[in-house]
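Notes to accompany the following structure.
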Number of protein chains: 2
Amino acid sequence: MRKRKGAGRPTIADVANKAGVSTITVSRALRDPAMVSDHLRRKINNAVRKLNYVPHSHASALASTRSNIIGVIVPSLTNNVFAESLRAIYDAFGQGAFQVQLGNSRYVPAEEERLVRTFLGQRPSAMIVAGTDQTDVTRQLLENAECPVVQIMDVGDDPIDMIVGFSHFEGGKAAGVHLVQQGYKRIGFLGARMDPRSYRRLEGFKEALQFGGRYDPDLIMTTTVSSSVSLGAELIAQFCARRPDLDAVFCNNDDMALGALFGCQKAGLSIPDDIGIIGFNDLEMMAAAHPSLTSIRTDRYAIGRHAVEMIQSVLSGETPDKKIVDLGFELQVRQSTSRAK
Amino acid sequence: MRKRKGAGRPTIADVANKAGVSTITVSRALRDPAMVSDHLRRKINNAVRKLNYVPHSHASALASTRSNIIGVIVPSLTNNVFAESLRAIYDAFGQGAFQVQLGNSRYVPAEEERLVRTFLGQRPSAMIVAGTDQTDVTRQLLENAECPVVQIMDVGDDPIDMIVGFSHFEGGKAAGVHLVQQGYKRIGFLGARMDPRSYRRLEGFKEALQFGGRYDPDLIMTTTVSSSVSLGAELIAQFCARRPDLDAVFCNNDDMALGALFGCQKAGLSIPDDIGIIGFNDLEMMAAAHPSLTSIRTDRYAIGRHAVEMIQSVLSGETPDKKIVDLGFELQVRQSTSRAK
DNA sequence: GTTTGCGATGTTAGCGCTAACATAATGTTA
DNA sequence: TAACATTATGTTAGCGCTAACATCGCAAAC
């Protein structure tokens, strides 16, 4: 007679035994207390407490052929932009029956593919992935996933399933248009960690400058290094050294913009008169800076919340109104680009 | 004859069938390819690819009575301090066989308790929780968890199991000592989101000031509102208005310190001569700021990495050298407290 | 008093995988 | 050549839970 050991922890059968009922009654009492009479429910709850019983979610997932897991994959944990969307997702799902499972792809598509594979192994109730730049295999895996999939932080005509975000191209364009309108002449781009979204911002920016007759390819400075405030300060110094005539710069994110501000201050340049600065995302600090920093405001929290709403509507059997949601952006003009013309 | 539907996805049996082997051989080929001959392994891999088979991790967890889940609970997703430790944890566990499951307690102990309960339902391989301020019930749950538990971001004599971090009391004290030594006379404390760790910093700070004969309870300004750069700017303005004689301030974190810098600049105060500023954690931006900001440097990434190492050593059957690891901190003196005395 | 309906509870058979043992196929040694 | 390792693969019985059907008790309806 061979026997397997199990984990030694109390099982639903132990609870049923102690309460003098069948296992299914315990199962029901825990999942939907209304299905069980007061009398038994009380006995069961007592037994649960006495045995310190914790339901085994894997067994439950297996038996019910559905897990309560929501898989979320973002490219960075330290980038505040994703943290805000994540917070929205955790706020919305954290309370209820769902478990959020988070993956960090570190901006590496192959890593993302691996994570998608792992996550699908848990037969998640839904998946949320950042961006639209998945590998073909990742896309195919998600298309076959048999669960709602939401891409966030971007928009596009051809989502895997659903998508909510904004147009990085248009955001970059708005930044360019603004700098041209402010009368800046030699307008540069400063971009670190040039991920696909940053490239789209750059494309929109280029278009705006070309239209305004201010495009100069020599004023595009990019690197694949992670963005940071220090890097922004460093690069703007190099940039100004190489092109002392530079009079405005669009940074691909706010960390770089804040760094550019500090770098210019160190060099004795006055913002916005010597150099105008505009960032992207409008993190909270931008308004507080001195001088305050112009940025393209995006609502990352709303994106996360929206993604959750779309998922919940699909999971509850409804058809979502729209599969493609563009939440847009808003130019926040502040001191750093408000010079006397 | 009743039948359950299953999820419709290919199972290990489908793969076995297609490859003409038994299920256990497939199981072995996928878990430890070396256990299976080249010949069969190739056939199995082909079948896996053709069927798009993804192993069902719940079934695996149930059958093997162990899951590959590492539960991690932090109080905030947007606070960069935790993000750094998380990144270390994901870097270390993300590659291998483990899955990180993240929870956000939002600084609410009851929420943390709920999360611990949920996580233990997955029979995790290990748990990592932030801080030492769990409820009694949470503590007890974790003590009975039958898996390694690491508390991070703090130290203490009485860990649930293991702990790695640094002393917030000593950190606060070092900040206080530094300001006294620099010759500042009316030294204040500016604290937002006063969580237990911030209180310990404040206590250390108080002790330093008392010892230096500079303690004035009227110069302690705290709020439970979330910390942010804007809030730092706002509060320092109020603080200076109420106590124009304030000549130095210890902020309970770097966001507040950066905000204080901006607030002072707006008010036309010169840093460090009119007011000295010191932050806590030494986020990357502190060195880049203009003037650069003094802070207490803590190595959050190392804390996360260390926690993972402790767990891995326990999981591989070793006994870790130490159950309590103090990684310390380091005072980073910069321009914001370096005045001509 | 029998029938019908309905809510509460029970019985049974899996969900998809792997531990534990069993066996077949091959090499190794005296 | 027999006895014995050693390795590769298979068989069987669960892991702990819940879907699907079965039954029971009781009240309302006929």
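Atom set for the values below is all heavy atoms of this structure, side chains included, hydrogens, waters and symmetry mates excluded. Convention: sequence-line order gives letters A, B, ...; per-chain numbering from 1.
Going from atom CG of Leu115(B) over to atom CG of Leu141(B) covers 12.0 Å, rounded to the nearest 0.5 Å. Between the CD atom in Gln140(B) and the CG atom in Leu142(B) there is a gap of 10.5 Å [rounded to 0.5 Å].
For the pair Leu62(B) CG and dT18(C) P, the interatomic distance rounds to 11 Å; values are reported in whole Å. Nucleotide dC15(C) holds its P atom 14 Å from the CZ atom of Arg123(A), rounded to whole Å. Across the protein-nucleic acid pair, Ile24(A) atom CD1 and dA20(D) atom C1' stand 9 Å apart, rounded to whole Å. If you measure from atom NE2 of His58(B) to atom P of dT18(D), you get 13 Å, rounded to the nearest angstrom. When the C1' atom of dG16(C) is taken as reference, atom CZ of Arg9(B) falls 13 Å away, rounded to whole Å. In this structure, NE2 of His56(A) is placed 17 Å from P of dG14(D), rounded to the nearest angstrom. With rounding to whole Å, Asn17(B) atom CG is found 15 Å from dG16(C) atom C1'. What separates CD1 of Ile12(A) from C1' of dC17(D) is a distance of 6 Å, to the nearest Å.
Looking at Arg139(B) and Asp161(B), no side-chain N of the basic residue comes within less than 4.0 Å of a carboxylate O on the acidic one, giving no salt bridge. A salt bridge is defined here as a Lys NZ or Arg NE, NH1 or NH2 lying under 4.0 Å from an Asp or Glu carboxylate O, and Arg197(A) with Asp195(A) meets this definition. The pair Asp299(A)-Arg305(A) fails the salt-bridge criterion, with no side-chain N (NZ, NE, NH1 or NH2) lying under 4.0 Å from an Asp/Glu carboxylate O. Electrostatic pairing of Arg9(B) and Asp14(B) does not count as a salt bridge here, judged by no charged N lying under 4.0 Å from a carboxylate O.
For Thr65(A), no side-chain nitrogen or oxygen approaches OP1 or OP2 of dC15(C) to under 4.0 Å. Between Thr25(A) and the phosphate of dT9(C), there is no side-chain N or O to OP1/OP2 separation shorter than 4.0 Å.
Using cut-offs of 30° and 60° on the angle between ring planes, the pair His58(B) and His58(A) is tilted.
Of the residues in residues 26-53 of chain A, those with a non-hydrogen atom less than 4.0 angstrom from any atom of DNA chain D are Ser27(A), Arg31(A), Tyr53(A).
At the heavy-atom level, Ser22(B) lies under 4.0 Å from base atoms of the strands shown.
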